[in-house]
2 protein chains.
Amino acid sequence: MTSQSTPTLQDVADAANVSTATVSRCLNFPDKVAPETRQKVQDAIAVLGYSPNFGARAMAARRTNTIGAIIPTMENAIFARGLEAFQKELRKHGFTMLVASTGYQPKVEEEQIRSLVARGADALLLIGYQRDPEVYRFLEAQGVPVLLTWAFDPVSARPSIGFDNKAAMQEMAGKVIAMGHRKLALISADTGLNDRAAARYDGVLRAMSIAGLDPAQLYFEETAYGIEEGAAAFDRLMALPDRPTAVFCGNDVLAVGALRQARALGLCVPQDVSVIGFDDIELAQVAYPALTTVHVPHHEMGRRAGQALARHLRDGEPMVPMQLRTRIILRDTLIPV
Amino acid sequence: MTSQSTPTLQDVADAANVSTATVSRCLNFPDKVAPETRQKVQDAIAVLGYSPNFGARAMAARRTNTIGAIIPTMENAIFARGLEAFQKELRKHGFTMLVASTGYQPKVEEEQIRSLVARGADALLLIGYQRDPEVYRFLEAQGVPVLLTWAFDPVSARPSIGFDNKAAMQEMAGKVIAMGHRKLALISADTGLNDRAAARYDGVLRAMSIAGLDPAQLYFEETAYGIEEGAAAFDRLMALPDRPTAVFCGNDVLAVGALRQARALGLCVPQDVSVIGFDDIELAQVAYPALTTVHVPHHEMGRRAGQALARHLRDGEPMVPMQLRTRIILRDTLIPV
DNA sequence: TTGTAAGCGTTATCAG
DNA sequence: CTGATAACGCTTACAA
């Protein structure tokens with residue numbers, strides 16, 4: 001009774017003259033099987049080129065050793081470093097990462113969440129807090145653990161491993177103000193959809209208040225994500241009658257766009273205007289002038305997230321929220337006014 | 001007989017007072033079901049919050065509407081644009097993309113291939129031609145169609161949608177030589193593991209031969225992938241007694257590293273040395289000076305690959321190889337010697 | 001240590 | 001148009 005197409009457990013069992021149960025054990029608990037039996041089975045597996053059917057396994061075992069990660073975008077490497085670390089850590093623990101991206105669209109994120117859950121993801125890694133409560137209910141109902149990252153909200157009860165976007169930006173803004181800058185601008189991603197962007201915005205406002213500046217004076221440019229968009233927003237700011245002397249950017253990608261546009265306009269950064277980024281992705285070092293920015297511990301964040309999830313799944317350890325520190329990286333795009 | 005945990009087809013069937021077959025039909029062929037029945041079922045689905053189990057579905061239907069894409073790296077956005085387009089196109093046709101990355105390690109690629117196949121990928125998108133023939137045999141045995149991309153080899157029989165790396169680089173090198181450059185260097189990724197890198201290398205050599213230069217005179221720096229690595233290689237080249245006047249780079253990431261190092265060394269690009277990239281990713285425009293490079297039609301490549309695969313899977317259309325054109329983008333890092 | 005057999009949640013064939 | 005029912009390939013008590 002040889003199968004025509006791809007070999008199954010049964011085929012292996014037949015070939016090795018054992019039961020399917022034994023083959024299964026060989027695969028999952030090798031030491032629960034007698035050495036010689038194991039050898040026979042492994043030979044059969046090799047000969048047939050057998051490899052287990054994931055769907056069937058998932059269905060029978062009711063777990064997949066797979067963890068889904070859903071990020072807003074795969075472009076521009078904003079999340080790449082962190083994910084890389086996450087995936088490496090998971091691998092160590094025998095888990096596989098599945099990635100999906102949403103293009104910053106909540107609807108798409110919901111789809112992706114459902115899709116990954118339907119695919120049997122044992123847990124999910126999501127970026128930021130903000131999403132329809134319905135989504136969280138769904139996840140809870142399905143019994144899928146979720147770890148949030150890239151943000152840390154001390155008041156939220158949801159487990160997260162990230163950093164305080166507001167505090168980080170506030171610190172940076174405080175420094176900029178201390179350098180004498182008074183005319184400030186912020187180029188930001190959509191604060192309505194993106195809680196990290198919103199928090200960073202709040203950070204700038206808070207720093208202004210504390211310094212006795214009127215937050216209403218902040219030039220605020222909200223824009224889509226991308227180098228072009230950053231450039232366009234910067235262009236609008238520079239067309240203002242009373243130009244800002246320091247332009248914060250919600251992320252390094254926008255900042256690099258701003259830098260490019262400054263060049264196009266014949267403006268010198270930082271002499272004519274200072275530009276400040278956020279994230280410290282590789283781009284920031286390569287940009288010219290090298291970008292002053294807020295360093296996010298991408299690698300550590302990914303690693304710890306992987307660790308937390310793996311331990312939770314394997315040993316049932318509860319996932320404890322963890323706040324990581326950011327730090328200001330002074331490069332060449334910021335000088336006192 | 002209500003299920004305790006996540007609802008199943010059976011639960012829906014019970015709730016709607018129909019058979020599981022009918023529910024399944026509602027899901028897959030809505031118009032093969034009477035409108036009122038359909039309504040009942042849909043209500044039940046909504047009430048229970050049912051969503052189909054992917055593994056079970058895959059097992060029963062023997063297809064997943066999922067296509068796997070395996071790329072060398074997710075960092076630096078080299079493949080990001082193309083993948084994005086690929087994924088968008090697939091979505092249009094009702095397919096889902098699953099990504100995996102290999103870190104440029106053949107062993108890891110094999111693992112990922114097996115993993116995606118085990119997960120039931122209906123087809124695979126792979127980068128480049130070069131891999132163990134055993135892998136191709138495995139894929140064939142499993143009946144999994146494969147489309148290659150990011151390369152185009154006219155003599156290979158395997159379906160691919162890409163461009164001719166060698167011809168592209170040769171054209172660029174020809175141009176550089178025509179500008180009077182004689183002392184040439186190439187910073188390349190590992191040509192042993194990476195057929196795109198090897199082809200680009202060959203392109204430079206060929207252009208030299210054609211121009212009557214001795215290919216053996218090419219300064220060749222083979223290095224790992226990354227900005228740091230590009231910088232280090234450039235540094236070694238500049239330490240040479242008889243410096244090259246033009247430095248080709250196997251990709252934009254290496255080129256940007258070279259640019260950074262030039263700055264660090266106090267060298268002016270392009271006055272002191274010309275630098276040439278390959279790929280034309282966003283980085284190339286943002287770099288300073290803006291990078292002269294070979295434009296790869298990322299978007300079109302991804303889109304067409306998605307189209308070809310979707311049609312093949314849906315309508316059984318054969319996948320025909322397609323060669324896309326690259327073009328030289330002259331920006332600010334190359335001048336005549 | 002190994003085998004038997006009952007699921008796991010769908011799809012799809014075949015009657016009705 | 002709808003309902004039984006047999007797969008699909010694997011895991012896991014439970015027995016031997």
Side-chain angles (χ1 to χ4, degrees), chain A residues 1-42 44-45 48-66 117-120 122 142-143, chain B residues 1-42 44-45 48-66 117-120 122 142-143:
Chain A
M1 190 78 62
T2 305
S3 158
Q4 189 75 290
S5 58
T6 90
T8 69
L9 243 211
Q10 187 61 252
D11 297 328
V12 177
D14 292 352
N17 261 310
V18 297
S19 72
T20 59
T22 297
V23 179
S24 176
R25 275 185 217 109
C26 265
L27 257 29
N28 299 300
F29 315 94
D31 27 56
K32 282 192 170 313
V33 162
E36 34 189 315
T37 313
R38 198 190 311 154
Q39 192 56 50
K40 273 196 307 187
V41 171
Q42 283 170 346
I45 288 179
L48 295 175
Y50 166 79
S51 89
N53 177 307
F54 185 81
R57 171 175 275 188
M59 195 158 76
R62 319 172 120 270
R63 76 193 141 58
T64 58
N65 288 328
T66 291
V117 168
R119 286 190 131 79
D122 294 338
Q142 301 275 328
Chain B
M1 193 79 62
T2 306
S3 158
Q4 190 73 293
S5 60
T6 94
T8 70
L9 243 210
Q10 188 60 253
D11 296 329
V12 176
D14 293 351
N17 261 310
V18 297
S19 72
T20 59
T22 297
V23 180
S24 176
R25 275 191 289 262
C26 266
L27 257 29
N28 300 300
F29 314 96
D31 27 55
K32 281 192 173 309
V33 161
E36 33 189 318
T37 313
R38 197 190 311 152
Q39 192 56 52
K40 272 196 309 185
V41 171
Q42 282 170 346
I45 288 179
L48 295 175
Y50 166 79
S51 91
N53 177 307
F54 184 82
R57 172 174 275 185
M59 194 159 80
R62 320 176 115 269
R63 77 192 139 59
T64 59
N65 288 328
T66 292
V117 168
R119 286 192 131 78
D122 294 337
Q142 301 276 327

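Worth knowing before you read on, the calculation uses all heavy atoms, side chains too, and leaves out hydrogens, waters and symmetry mates.
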**Request:** Any chance you could lay out the side chain to side chain contact (heavy atoms under 4.5 Å, CB included) test for Thr66(B) and Arg119(B), step after step, and finish with the verdict?
**Result:** CA-CA 9 Å; Thr66(B) 292; Arg119(B) 286 192 131 78; over 6 Å; no

**Message:** Between Thr37(B) and Thr22(B), does the side chain to side chain contact (heavy atoms under 4.5 Å, CB included) criterion hold? Intermediate values first, please.
**Reply:** CA-CA 9 Å; Thr37(B) 313; Thr22(B) 297; 3.8 Å; yes

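In this structure, CZ on Arg63(A) lies 8.5 Å from CZ on Arg57(A), to the nearest 0.5 angstrom. Taken from CG in Asp11(B) to OG1 in Thr20(B), the straight-line distance is 11.5 Å, to the nearest 0.5 Å. Separating the OG1 atom in Thr8(B) from the OH atom in Tyr50(B) is a distance of 7.0 Å, to the nearest 0.5 Å.
A 4.5 Å side-chain heavy-atom check between Leu27(B) and Ile45(B) finds at least one atom pair inside the cut-off.
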**Prompt:** In the 5'-to-3' direction, what one-character label does each nucleotide of nucleotides 10-16 of chain C receive under the scheme B = base within less than 4.0 Å of a protein heavy atom, S = sugar-phosphate only, - = no such atom?
**Reply:** BBB----

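Look at CZ on Phe54(A): it is 13 Å from C1' on dG9(D), rounded to the nearest Å. Whole-Å rounding puts the Asp14(B) CG to dG9(C) C1' distance at 13 Å. To the nearest angstrom, C1' of dG9(D) lies 13 Å from CD of Gln142(B).
At the phosphate of dG9(D), OP1 or OP2 sits under 4.0 Å from a side-chain N or O atom of Arg62(B).
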